[in-house]
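A quick write-up on the structure given underneath.
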Amino acid sequence: MKNNIKALTLGMATLPILVMLTLLVVGYALMGLRIEPLLLLSAVFTALLALWQGYSWDEIMHSIVQKLAKAMPVILILVCVGGLIGSWMFSGTIPYMVYWGLKLISPQYILIAAFFITSLVSVCTGTSWGSAGTVGVALMGVAHGLDISLAAAAGAVVSGAYFGDKFSPLSDSTNFAAIVADTTLYAHIQHLLWTTLPSFLLAAGVFFTAGLSTMGEQVATPEKVVTILTSLEGLYHFSPLLLLPRFAISIF
């Protein structure tokens, strides 16, 4: 059966991607259709193309199972992050971080602080989604309380979270990329330095300059900050114990 498999050309390899993009642009962007059936249609086209190339149905299913097994850590992390964010909000962990952020972080340094904090947390935990959804949410709350541009704060949070995620040995996407490229984990991380480190330094310079030059002119009044702090104190019973989930994730 292997002898009947046709040689795969570059055009055939890119055809499923072009079909998927066409379906998404026409069906989702222009016609407003749901994205799930469009992706299923793209998968059906790819399966038919594989059959036409000479692969059997069993071979196609075996390949699908292998790829799903490798991607399962990513899927599980996405499932867990939603519950993690909800539990941290309900228990007061995120509001507690917002509370101390309003007290300690100067408005002029909120962007660079958000960038570095999410980078560090993401390196320790190995998940950009988890970092952005926990400490990133807290930093967004601080930015809102200080009347800082939420778009700029979100950019700092996402940039830091994805940088840390790329360099973390615990990252699912970094491990997945090393597996797909058939290389070692730390060799993959070492090669990431050539592109990611200059981007990190450039982004840090931009967020630091933006914070000093423009953010300080639009900060909230002390009265508004005091009002927010008082409201948080009335809604939650704050205690250092609320930070235990944050440290537990970094350790385990």
Side-chain angles (χ1 to χ4, degrees), residues 6 8-86 88-89 114-115 118 122 125-137 139-141 143-144 149-166 168 171-181 192 195-196 199 203 206:
K6 302 175 183 178
L8 185 64
T9 63
L10 179 60
M12 285 293 180
T14 57
L15 189 57
I17 300 176
L18 295 177
V19 170
M20 181 183 66
L21 291 177
T22 303
L23 288 172
L24 292 178
V25 171
V26 176
Y28 180 71
L30 299 181
M31 301 177 62
L33 301 177
R34 291 183 63 88
I35 196 171
E36 293 85 355
L38 298 175
L39 292 176
L40 287 176
L41 286 176
S42 176
V44 170
F45 174 82
T46 305
L48 293 175
L49 182 62
L51 289 172
W52 184 78
Q53 284 290 116
Y55 291 95
S56 67
W57 180 251
D58 289 337
E59 289 174 319
I60 296 174
M61 291 301 298
H62 179 69
S63 179
I64 291 174
V65 170
Q66 282 187 321
K67 297 302 183 291
L68 284 176
K70 291 181 179 179
M72 189 55 65
V74 181
I75 298 173
L76 291 177
I77 285 177
L78 294 180
V79 172
C80 293
V81 163
L84 182 69
I85 296 172
W88 281 26
M89 287 293 296
F115 182 62
T118 51
S122 190
T125 60
T127 167
S128 56
W129 287 63
S131 301
T134 52
V135 68
V137 173
L139 290 166
M140 290 296 294
H144 177 71
S149 169
L150 294 182
V157 167
V158 172
S159 299
Y162 275 107
F163 166 80
D165 180 44
K166 296 302 116 182
S168 175
S171 170
D172 51 358
S173 59
T174 302
N175 281 274
F176 187 63
I179 292 173
V180 172
L192 284 174
T195 56
T196 310
S199 303
V206 169

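Quick note: numbers below take in every heavy atom, side chains included, and nothing from hydrogens, waters or symmetry partners. Note that the numbering runs from 1 along the sequence shown for the chain.
Atoms CG and NE2, from L150 and H144 in turn, are 7.0 Å apart once rounded to the nearest 0.5 Å. The OG1 atom of T196 lies 14.0 Å from the OH atom of Y162; values are rounded to the nearest 0.5 Å. Atoms CG and NZ, from L8 and K6 in turn, are 11.5 Å apart once rounded to the nearest 0.5 Å. The distance from atom CG of L49 to atom OH of Y55, rounded to the nearest 0.5 Å, is 10.5 Å. Rounded to the nearest 0.5 Å, atoms OG1 (T22) and CG (L38) are 11.5 Å apart. Residue I60 holds its CD1 atom at 10.5 Å from CD of Q53, rounded to the nearest 0.5 Å.
Remark: the backbone N or O of A161 is paired with a side-chain donor or acceptor of S122 at under 3.5 angstrom.
Residues G136 and T118 approach most closely at CA-CG2, 4.3 Å, considering heavy atoms. When all heavy atoms of P16 and T46 are compared, the pair lying nearest together is CB-OG1, 3.5 Å. Of all heavy-atom pairs between L51 and W57, the closest is CD2-N, 4.0 Å.
A heavy-atom distance below 4.5 Å is not found between the side chains of M20 and F45. At a threshold of 4.5 Å between non-hydrogen side-chain atoms, the residues L24 and L39 count as touching.
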